[in-house]
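In what follows, a single structure is set out as structure tokens and then discussed.
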Number of protein chains: 2
Amino acid sequence: MAGDKVVVLGTYGSMFSMRVQVALAEKGIEYENKEEDLANKSPLLLEVNPVHKKIPVLIHNGKPVCESLIIVQYIDEVWHDKNPLLPSDPYQRAQARFWADFVDKKVYDCGRRIWATKGEEKEAAKKEFIGIMKTLEGELGNKPYFGGEDFGYVDVALIPFYCWFHAYENFGNFKTETECPKLVEWAKRCMQRESVSKSLADPHKIYEFVVSLKKKLGIE
Amino acid sequence: MAGDKVVVLGTYGSMFSMRVQVALAEKGIEYENKEEDLANKSPLLLEVNPVHKKIPVLIHNGKPVCESLIIVQYIDEVWHDKNPLLPSDPYQRAQARFWADFVDKKVYDCGRRIWATKGEEKEAAKKEFIGIMKTLEGELGNKPYFGGEDFGYVDVALIPFYCWFHAYENFGNFKTETECPKLVEWAKRCMQRESVSKSLADPHKIYEFVVSLKKKLGIE
């Protein structure tokens, strides 16, 4: 759709912003990226997402869409001709939605507990994180991508977390690759796509960000 | 699709099971309802939902779909000719998904805190609950249903909570109707549909269930 105006309100390093960036890149859509300072949210963000006041928000021709997985589905439905993300079969769609929802419900919160807690709680989070990754690796199986031969919805939902692995692993003292080699192979395969490599944050910057966040929150 | 075999694993009174029942009734689909005892989950439930081990699960011709909103979308996609639940326009679809997701993220947890907590925590939950309902009432506006003229996805997501209002109100000592008269008018409008009235649990049975649950959990 020529003449479309697409704006993304996001924050560098946010897994949820990166999902939107990867999906737009897959579709070859140009957009304006507006960086939000979450400590000082813009009047625009508060206007377009008055309910949750959260990033990311996609503004398409002036109309806002909120919540990252809802945005990715919207992008897939509007620009359906290029690189479909969700499969066309209803059962396969339901399975893709199930696993993207699983990522949403499990990974962020557990990953955060690895660096934001200490002692037993940290150890439990680490164990849980590895369990979650093993479950995902089981679902991936021997397929190149979660949906099969083609990069799709579940890949978009999960891959942004990959640039946080370095931080999780450093604070948790473990290696995802040792535990889940096939999952890391999948992540490296995704990183060969320009849509992913140009959208994901620098793992070292994420690590430094977490270091500064820990200081700010008084977590030693 | 004649010859379809549809089974629902659910529990009486579960808002999430009721969503599936309402959606199937809207489509005129006959199904077998298998009541699950959550204190003693069936081998079938553990087999078809090994990840979350939760109800509801829809089993369609032997293939399981889990998570209530994903099931409702699946039902809408498979039986798309009768009573469409999601709108066809991508932007309207995204808005419907946003509000159903809002219900999922807010209502259950807050409602539970009304009867499961005491003192300040209970008062905060009550206030939050009324705030959530006012937000939903604002979104409803003067439309008969959330999507406009026709009963749809957000209505399916929210209406099962209506049979819990009696319990919330009794334990919280408030009246939703006083605070949100238009929302309660909407609920009564939905209840005029056979798909809803025959799927929703008896509010008095829900109340008695909460009384017994409070005793069991030692909450006086």
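Quick note on labels: first sequence line is chain A, next is B, and so on, each numbered from 1.
The environment of OH in B:Y12 is crowded: more than 12 heavy-atom neighbours from other residues, nucleotides or ligands sit within 6.0 Å. A 6.0 Å sphere centred on NZ of A:K143 holds more than 12 heavy atoms belonging to other residues, nucleotides or ligands. Other residues, nucleotides and ligands place no more than 12 heavy atoms under 6.0 Å from the NZ atom of B:K54. For B:E194, the CD atom sits in a loose shell: 12 or fewer heavy atoms of surrounding residues, nucleotides or ligands are nearer than 6.0 Å.
For B:Q95, the part sitting under 4.5 Å from any heavy atom of chain A is the side chain, from C-beta outward, and nothing else. With a 4.5 Å cut-off on non-hydrogen atoms, B:P50 does not touch chain A at all. Neither the backbone nor the side chain of B:H80 comes within less than 4.5 Å of any heavy atom of chain A.
Rounding to the nearest 0.5 angstrom, the gap separating the CG atom in B:L69 from the CZ atom in A:R97 is 10.5 Å. Taken to the nearest 0.5 Å, the NE2 atom of A:H52 stands 4.0 Å off from the CZ atom of B:F98. B:K63 NZ to A:Q92 CD: the interatomic distance, rounded to the nearest 0.5 Å, is 6.5 Å.
With respect to chain B, the highest number of heavy-atom pairs below 4.5 Å among A:K105, A:E77, A:E139 belongs to A:E77.
Listed here is the closest heavy atom pair of B:I70 and A:A94: CG2-O, 3.6 Å.
Judged purely by atom type and a 3.5 angstrom limit, A:Y91 has no side-chain atom pairing as donor or acceptor with the backbone of B:H60.
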